[in-house]
Every structure is written in structure tokens, then in C-alpha cells.
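The block underneath contains the structure these notes are about, expressed in C-alpha cells.
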Amino acid sequence: MFSRKHKLLALKIISLFSVVRGYNIPIIILAQYLSAIFILAPEIRALDILLDSHLFLIVFASSLSIASGYIINNFYDSKKDLINRPTKSMLDRLVSQSTKLKTYFTLNFIVAIIAWFISWRALLFFSVYIFLIWFYSHKIKKYPLIGNLMASLMAVLPFFAILLYYYTKLPLYEIENYKGQFAVIFAHATFLFLLLLIREMIKDLENIKGDIADNYQTIPVRYGETTSKRIISILTSLTLLPIYILIEIYDVGYMDIYFYSSMIILILCTVYLWKSNTKTQFILLHNVLKFLIVSGVFCIILIDPSVLLHGKKILLSF
């Protein structure tokens, strides 16, 4: 039987796992590796990407910096989370604010060491990224629209760390040959950015009570729910542009199935959005957007499923 002390320790570990949203980190790691293999560096053999020690360190540093970002965000949002997410908030409070800060600084220190080991560019990138996350959590997220834009940007930036890793090695005269590749990358990034932005704005509708209590000047708080719904509808229509580019202009293999499905789901979500006025309805929309984003990670494989078949043959040959 576990003693009371051991049970409390277990609860604190679970609490810290909740604070850093440990369930999201594996998805982010998977997304970075799949993006590297199928989108960011498709010309490089998948096995070489998986065995690249410097790429592993970049992904690891990204994961730690994202985890530290969740901590500092939780630190500043503790008051409004009591209203918006009371159950999760009570679990998160099992870890003291001082412990959260100590963990936050420790993670950032480890990220700095890893980045310094990789290169001065990596150190500069992660230093700026960590600062931007703190600045967003401390100041920017309380302002309408700019807070949503910055939150979405922070979610996309780790993928640019990998992009910089591969493309800063190229000599200038070869950049011209990668214009089409850059266009595909930009289209994917734009689609993901818009999805994340829509999700952030739906979260504002979902969390309106806590935002009012903690003086967060989000769009629904300052301008009303109708204005927020109009902006979300416009953003949803904008997703059609990168979808069109990826399906009609460039070859994304079988992933066009995902984009067609996403288009239908987003249209249905927009219709449902205008009928929604309760927190439960907004949570449903939030979860649908989260499902679209996570499923998009796994559907990256559909760009070229033969890569997996080739990998399977290699494994079976050992």
C-alpha cells in the first residue's frame, strides 16, 4: 500500500504533467519529425532524418521550450482558469507557483545549453522564442486579436526551427531551385496557422467569463460575440486558399483526402458556430478544431505512404 506521502507525490507529478500538458508533447514531436520527412526535407532519406542527432536536439529543445511555455502561461492564467477550467485548475494547484517557476527556469536553462551545443543560430532562435512566449503570456494575450495572432505564431515557430536547420546550409545560388518547395511549406504553414487562429478565437468565446473576471480584453469581451463569429467565419473562408494551392497546384499525394474533409468540416463548424451561444457548444467546436489539427499530423504520412513501406522493408531486413 502507498503511504499518504507517496500518494501526494504521485498527485503532484500528475499535476505537473497537466501543467506542461504532457499529453501534447508527443504529438508535437511526431508532427516535427513527420513534417521534416514529408514536407520540410522530402529530398533527404527518412532514416537519415530519424538518425540525425542535431535534429533530435532541435526537436528535444523545442519540446522543452513548449513545456516551459505552458508552465508560464499557466502561472499567469491561474486566476481566470479557476473560472474557465475549475477541475483542471484544482489539479494544477497541487504544484505551488514557486515550484512552477523553478521548473520553468530549469527547462529554459536546459534548452539554452542544448541550443548552444547545436549552433549560435539555434541559441539565438530559442532565446527569442522563449522570450516571445513569456512576453505573450505576461502581456500580449490580454489584447484582442494580436494575442490570438501571437499564440498561433508561437505554435508554428518550432517547425521553422527545423526549416532553418535544413535550409541555412544551402548556398545562395541553390535557393532558386527550392522555390516550389518553399511554396508548399508556406501553404502548409498558412493552413496550420489559420486553423490554430480559429481555435484560439473559439477558445476566447469559450472562456469569456474568466476573461472578463481577469480583465482580458479579447475580441468577444471588447466587441461582442457576433463580431468574434464574423472574424472566425472570414478566417475559415481564408483556409480555402492554402487548401486550393496544395490540392490543385502542388502534389500532396493522398493527403488531399484530409484537405477535402477539413474543408467540409470547417464549413459545418461555421454553420454550427452561428447557432452556438453556450460554453458547451463552444467546447465542442474547440474539440473539433483540435481533432482536425491532430489528425492533420498523422495524415502527413499520406503525402507519400511508400516511405513507410520502404521503412518497414528495412526493419524486416535486419
Side-chain angles (χ1 to χ4, degrees), residues 12-75 95 99-137 151-169 185 188-189 192-193 196 293-294 296-298 300-301 307-308 311 315:
K12 286 187 176 182
I13 292 171
I14 294 169
S15 174
L16 190 59
F17 183 83
S18 173
V19 170
V20 302
R21 301 186 194 179
Y23 41 84
N24 282 347
I25 303 300
I27 298 295
I28 294 167
I29 292 171
L30 180 65
Q32 287 180 296
Y33 269 110
L34 290 179
S35 297
I37 293 169
F38 293 95
I39 300 172
L40 303 178
E43 69 283 354
I44 300 176
R45 198 170 63 135
L47 187 61
D48 292 336
I49 289 175
L50 293 174
L51 297 177
D52 188 331
S53 59
H54 277 78
L55 178 62
F56 169 78
L57 290 175
I58 289 171
V59 172
F60 186 52
S62 297
S63 302
L64 294 182
S65 57
I66 290 167
S68 74
Y70 283 137
I71 291 173
I72 201 65
N73 192 57
N74 179 277
F75 178 84
V95 176
T99 301
K100 289 175 187 175
L101 281 180
K102 288 174 185 175
T103 307
Y104 169 74
F105 286 115
T106 301
L107 289 177
N108 287 338
F109 179 70
I110 295 171
V111 169
I113 292 174
I114 293 171
W116 176 78
F117 179 80
I118 299 167
S119 70
W120 67 267
R121 290 188 186 91
L123 179 59
L124 178 62
F125 176 88
F126 283 107
S127 298
V128 171
Y129 185 56
I130 289 167
F131 170 77
L132 287 176
I133 291 176
W134 169 81
F135 190 56
Y136 161 76
S137 301
S152 304
L153 179 64
M154 292 298 97
V156 173
L157 272 181
F159 296 95
F160 281 92
I162 300 173
L163 180 67
L164 291 171
Y165 171 64
Y166 284 117
Y167 289 96
T168 51
K169 297 176 182 178
I185 292 168
H188 275 282
L192 176 60
F193 176 79
L196 291 164
I293 293 165
V294 173
V297 171
F298 292 96
I300 292 173
I301 296 167
V307 172
L308 288 185
L315 289 173

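Note that the structure is predicted; figures quoted are calculated from it, not measured.
Note that the CE atom of Met154 and the CG atom of Leu157 stand 4.5 Å from one another [nearest 0.5 Å]. One distance of note links CG of Asn73 with CD1 of Ile133; it measures 9.5 Å at 0.5 Å rounding. Distance check: Ile27 CD1 to Leu34 CG gives 10.0 Å after rounding to the nearest 0.5 Å. The distance from the CZ atom of Phe159 to the CG atom of Leu40 is 8.5 Å, given to the nearest 0.5 Å. In this structure, Ile25 CD1 and Ile66 CD1 are separated by 6.0 Å, a value rounded to the nearest 0.5 Å. From Thr106, atom OG1 reaches atom CG of Leu101 across 10.5 Å, with rounding to the nearest 0.5 Å.
Ser127 pairs by the side chain to side chain contact (heavy atoms under 4.5 Å, CB included) definition with Leu123, not counting sequence neighbours. For Phe109, the side chain to side chain contact (heavy atoms under 4.5 Å, CB included) partners are Ile113, not counting sequence neighbours. Remark: Tyr129 pairs with no residue by the side-chain hydrogen bond (donor to acceptor under 3.5 Å, both in side chains) rule, at least two apart or across chains. With sequence neighbours excluded, the residues forming a side-chain hydrogen bond (donor to acceptor under 3.5 Å, both in side chains) with Ser68 are Asn108, listed by chain and number. For Thr99, the side-chain hydrogen bond (donor to acceptor under 3.5 Å, both in side chains) partners are Ser96, not counting sequence neighbours. Remark: Ser137 pairs with no residue by the side-chain hydrogen bond (donor to acceptor under 3.5 Å, both in side chains) rule, at least two apart or across chains. Under the side chain to side chain contact (heavy atoms under 4.5 Å, CB included) criterion, Ala36 pairs with Ile49, Leu55, Ile162, Tyr166, not counting sequence neighbours. In terms of the side chain to side chain contact (heavy atoms under 4.5 Å, CB included) criterion, residue partners of Ser152 (sequence neighbours excluded) are, by chain and number, Phe193, Leu196, Leu197, Glu200.
Pairs engaging residues 109-122 under the side-chain hydrogen bond (donor to acceptor under 3.5 Å, both in side chains) rule: none recorded [sequence neighbours left out]. Within the structure, the side-chain hydrogen bond (donor to acceptor under 3.5 Å, both in side chains) test picks out the following pairs touching residues 28-38 (sequence neighbours left out): Gln32-Ser62.
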Quiz prompt | CA sep, side-chain torsions, deciding dist, call: Phe125, Ile130, side-chain contact (heavy atoms from CB on, under 4.5 Å) | solution = CA-CA 9 Å; Phe125 176 88; Ile130 289 167; over 6 Å; no
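With contacts defined as side-chain heavy-atom distances shorter than 4.5 Å, the pair Leu64/Ile114 qualifies.
Other residues, nucleotides and ligands contribute more than 12 heavy atoms inside 6.0 Å of the CZ atom of Phe75.
Here the closest non-hydrogen pair linking Ser65 and Val111 is N-CG2, 3.7 Å.
With no hydrogens or angles considered, a side-chain donor-acceptor pair links Tyr165 and Asp52 at under 3.5 Å.
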